[in-house]
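Take a look at the structure below.
Atoms within each ligand, like the ligands themselves, are counted from 1 in listed order. Along the sequence shown, the residues carry numbers beginning at 1.
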Amino acid sequence: MSEKIPYKIYLSENELPSSWYNVRADMKNKPAPLLNPTTLKPMTFEDLRPVFCDELIKQELNETDAYIPIPDEIREFYRMYRPAPLVRAYCLEKKLGTPAKIYYKFEGNNTSGSHKLNSAIAQAYYAKKQGLKGVTTETGAGQWGTALSMACSYFDLDCQVYMVKVSYEQKPFRREVMRTYGAKVTPSPSETTEVGRKILAEFPGTGGSLGCAISEAVEAATKQEGYRYVLGSVLNQVLLHQTVIGLETMTAMDKYGIKPDIIIGCAGGGSNLGGLISPFMGRKLRGEADYKFIAVEPASCPSLTRGKFVYDFCDTGHVCPLAKMYTLGSEFIPSANHAGGLRYHGMSSILSQLYDDKLMEARSVEQTAVFDAAQKFARVEGILPAPESSHAIKVAIDEALKCKETGEEKTILFGLTGTGYFDMYAYKAFNDGSMTDYIPTDKDLERGFSALPRV
Ligand SMILES: *Cc1c(COP(=O)(O)O)cnc(C)c1O
């Protein structure tokens with residue numbers, strides 16, 4: 001195509017996807033089912049009903065329907081902030097002096113500052129439709145809690161957020177955003193749940209962890225009439241909702257005849273990466289096209305690159321089902337100096353299976369290199385990226401610089417999941433030169449592995 005590709009490729013509202021794409025339908029090796037921790041049998045619809053909303057359980061267990069229609073009410077909400085722009089990073093290319101063509105899909109244009117709202121609004125909708133009073137959840141850095149608070153206020157649902165205590169203390173403004181949307185925010189571990197009291201008794205003064213906040217949120221949901229638990233990553237349903245990212249990207253690229261050679265995303269629990277790559281992976285699985293997919297994770301929390309592919313607990317209190325995934329063990333907690341998010345011990349079962357089947361690669365990167373990439377990007381592209389997103393930027397730059405050496409004109413696509421305005425302490429540490437890297441030793445990892453369940 002001779003026409004110059006614009007800096008921003010916007011789709012019209014009418015080009016918003018009408019269905020989510022369920023990559024499991026095209027996977028030969030399906031992700032392993034969730035197991036009931038007591039019976040070790042696959043979780044059924046009935047087993048999951050006390051915890052999750054009915055419609056979301058159906059999506060969680062559905063591995064046959066490739067397309068699941070997006071209800072009109074959710075599409076209407078998506079229209080308010082989607083389609084998200086696909087940006088050609090001309091300025092970054094020029095700065096790097098690379099012949100590579102770099103594109104990023106920007107998900108930071110909404111109040112949560114991240115892609116999390118794509119799933120939050122869907123989950124709040126199904127909870128409302130079921131006639132529930134409210135939902136409970138956990139949040140680490142706060143993006144998910146923010147997204148869910150906003151979605152719940154839109155549908156008039158009560159929202160109770162258990163926020164990892166260190167984040168609660170370090171990110172007071174995140175907390176205020178959630179409270180502005182009417183959510184009740186409790187630092188975790190707390191005295192409000194049995195599991196929280198138990199953890200506090202065992203580890204007084206702990207700053208908490210995601211695994212611990214999940215246990216508290218699940219307990220709070222099952223003990224209150226009319227409440228269910230919702231999660232912002234890892235689960236199949238969340239990846240499904242996030243496929244709006246990949247579907248829009250694919251439509252935009254197809255329109256201009258662009259074919260990405262390499263698709264890169266950061267991976268915490270795997271939802272944005274899964275959402276971005278799913279439709280492209282579908283083409284690969286059906287033999288229609290080939291792409292190289294790269295998951296990028298922090299060297300300090302390396303679940304894909306150094307974890308084990310086994311059944312593990314999803315939470316510290318062991319109240320959740322067991323999931324087969326690449327994991328560092330539910331007791332693994334990343335070093336306190338790690339500032340960049342992506343700190344969950346496990347990885348989505350879908351992505352774990354694709355990785356194990358060698359359909360996707362993974363790389364781990366150190367945080368000072370991540371912030372260096374973030375700074376390079378911010379200085380030319382006009383967006384201050386979230387530390388999480390900057391993991392993807394780092395590898396996109398690495399790949400573009402390889403092209404500079406070889407002269408190859410590869411097309412690189414990455415997911416820019418959000419903005420980093422609430423992460424200025426981390427940026428400050430980087431700017432002050434006081435940020436350090438920590439890579440866990442094999443012995444550190446052994447401690448997490450020793451707590452794996454024997455299944
Ligand atoms: C939550 C979050 C992530 C990581 O979560 P995934 O489920 O792995 O996508 C990445 N970037 C941002 C900005 C986030 O808020």
Side-chain angles (χ1 to χ4, degrees), residues 84 104-120 123 137-150 161 163-164 167 171 174 177-178 210 213-214 230-246 263-278 293-298 301-304 314 323 325-326 334 338-352 354-355 360 362 364-365 370 374 377 383-395 414-423 426:
Y104 58 88
K105 179 74 167 169
F106 182 48
E107 290 292 325
N109 276 330
N110 69 76
T111 189
S112 73
S114 80
H115 63 286
K116 300 260 185 355
L117 194 56
N118 300 333
S119 183
Q123 298 196 44
T137 198
E138 77 295 328
T139 196
Q143 289 97 322
W144 168 246
T146 305
L148 187 71
S149 308
M150 205 260 143
V161 182
M163 185 172 188
V164 177
S167 301
K171 300 189 176 183
R174 273 277 178 207
V177 180
M178 289 185 257
L210 268 181
I214 293 174
V230 295
L231 181 62
S233 182
V234 187
L235 295 175
N236 300 334
Q237 55 187 278
V238 184
L239 257 76
L240 178 76
H241 304 148
Q242 295 298 354
T243 61
V244 289
I245 304 172
I263 306 178
I264 301 165
C266 62
S271 73
N272 86 82
L273 176 66
L276 174 67
I277 71 171
S278 276
F293 301 102
I294 308 175
V296 191
E297 57 184 16
C301 190
S303 50
L304 284 172
C314 294
M325 56 186 175
Y326 274 87
H338 171 70
L342 311 175
R343 42 175 60 244
Y344 187 62
H345 66 274
M347 183 58 60
S348 133
S349 291
I350 295 177
L351 291 186
S352 292
L354 291 169
Y355 177 63
M360 179 181 85
S364 70
V365 290
V370 166
F377 180 88
I383 293 170
L384 186 93
E388 292 91 341
S389 323
S390 304
H391 288 71
I393 298 177
K394 157 74 179 137
V395 170
F414 72 90
L416 188 72
T417 49
T419 50
Y421 299 106
F422 285 106
D423 299 283

* Mark yes or no for whether Tyr344, through its side chain, and Cys301, through its backbone, hold a donor-acceptor pair below 3.5 Å. => no
* What protein heavy atom sits nearest atom 7 (O) of ligand 1, and how far away is it? -> Ser233 OG, 2.5 Å
* To do: Indicate yes or no for a side-chain donor-acceptor contact from Ser390 to the backbone of Ala374 under 3.5 Å, with no hydrogens or angles considered.
  => no
* **Nearest neighbour of atom 11 (N) of ligand 1 from the list Leu273, Thr419, Thr417, on a heavy-atom basis** => Thr417
* Examine Ala267 against ligand 1 and note whether any of their N/O atoms are separated by less than 3.5 Å. => no
* Numbering the atoms of ligand 1 from 1, which are under 4.0 Å from a heavy atom of Cys266? -> 10 (C)
* **Spacing of OG belonging to Ser364 relative to NE2 belonging to His391, to within rounding of 0.5 Å** => 9.0 Å
* Is the closest heavy atom of Gly341 to ligand 1 under 4.0 Å? -> no
* Short N/O distance, under 3.5 Å, between Ala386 and ligand 1? -> no
* Asked: Counting distance only, does the side-chain N/O of Glu297 pair as donor-acceptor with the main-chain N or O of Leu304 below 3.5 Å?
  -> yes
* When you measure from the side chain of Thr419 to the backbone N and O of Tyr421, does any donor-acceptor pair fall under 3.5 Å? -> no
* Asked: Counting heavy atoms only, which of Glu107, His391, Gln143, Lys116 comes nearest to atom 14 (C) of ligand 1?
  -> Lys116
* **Contact (N/O only, under 3.5 Å) between Ser389 and ligand 1** => no
* Between Thr417 and Ser389, does any side-chain donor sit less than 3.5 Å from a side-chain acceptor? -> yes
* To do: Under 4.0 Å from a heavy atom of Glu388: give me the atoms of ligand 1 that qualify, with their elements.
  => 10 (C), 11 (N), 12 (C)
* To do: Take Asn272 and Glu388 through the test side chain to side chain contact (heavy atoms under 4.5 Å, CB included) and record every step on the way to the result.
  => CA-CA 11 Å; Asn272 86 82; Glu388 292 91 341; over 6 Å; no
* Asked: Can you list the atoms of ligand 1 that are under 4.0 Å from a heavy atom of His115?
  -> 2 (C), 3 (C), 9 (O), 10 (C), 11 (N), 12 (C), 14 (C)
* With heavy atoms under 4.0 Å as the rule, classify the contact between Ser271 and ligand 1 as side chain, backbone, both or neither. => both
* Side-chain heavy-atom pair Leu351, Ile277 within 4.5 angstrom cut-off -> yes
* Asked: Nearest protein heavy-atom contact for atom 4 (C) of ligand 1: which residue, which atom, what distance?
  -> Leu342 CD2, 3.5 Å
* Please could you name the atoms of ligand 1 that Ser114 approaches to less than 4.0 Å, counting only its heavy atoms? => 13 (C), 15 (O)
* **N/O separation below 3.5 Å, Gly232 to ligand 1** => no
* Structure fact -> For Gly268, the ligand 1 atoms with a heavy-atom partner under 4.0 Å come out as 8 (O)
